[in-house]
S.K.: 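Below are the structure tokens for one structure; questions will follow.
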Amino acid sequence: MKITIQKREPDKNGHRALRLVYYHGSKTGQNGSRAQKRSYEPLNLFLYDKPRLRRSVSTTRP
């Protein structure tokens, strides 16, 4: 199993949501195509694309 963090597209306020992606592998269908088996878990954490306040700038930097 592989676990990664994915950044979503920004919403209208410029917040990017973070979520965990669990990759469980893949399975092959009868016609030979592969289907990925994944599950997602939202983290309820957000990144600001364009912070307005000075306080927001300091919290979004690593």
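Just so it is clear, the structure is predicted and the values come from calculations on it, not from any experiment. All residue numbers in this chain count up from 1 along the given sequence.
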S.K.: Just grab all the ring-ring contact (aromatic ring centres under 6.0 Å, His included) pairs involving residues 18-44, residues at least two apart or on different chains.
M.R.: none
S.K.: Please enumerate all residues that pass side chain to side chain contact (heavy atoms under 4.5 Å, CB included) together with L43, with sequence neighbours excluded.
M.R.: L18, L20, L45
S.K.: List the atom of Q36, the atom of S26, and the distance in Å for their closest heavy-atom pair.
M.R.: OE1-CB, 3.9 Å
S.K.: Taking the inter-plane angle between the rings of H15 and F46 on a 0 to 90° scale, is it parallel (under 30°), tilted (30 to 60°) or perpendicular (over 60°)?
M.R.: tilted
S.K.: Applying a strict under-4.5 Å side-chain criterion to I, L, V, M, F, W and Y, I'd like to know whether I3 and I5 cluster together.
M.R.: yes
S.K.: Can you tell me how far the CZ atom of R38 sits from the CD atom of Q6, to the nearest 0.5 Å?
M.R.: 8.5 Å
S.K.: What distance separates K27 NZ from S33 OG, expressed to the nearest 0.5 Å?
M.R.: 9.5 Å
S.K.: Salt bridge (Lys or Arg N to Asp or Glu O under 4.0 Å) with R16: which residues, sequence neighbours excluded?
M.R.: D49
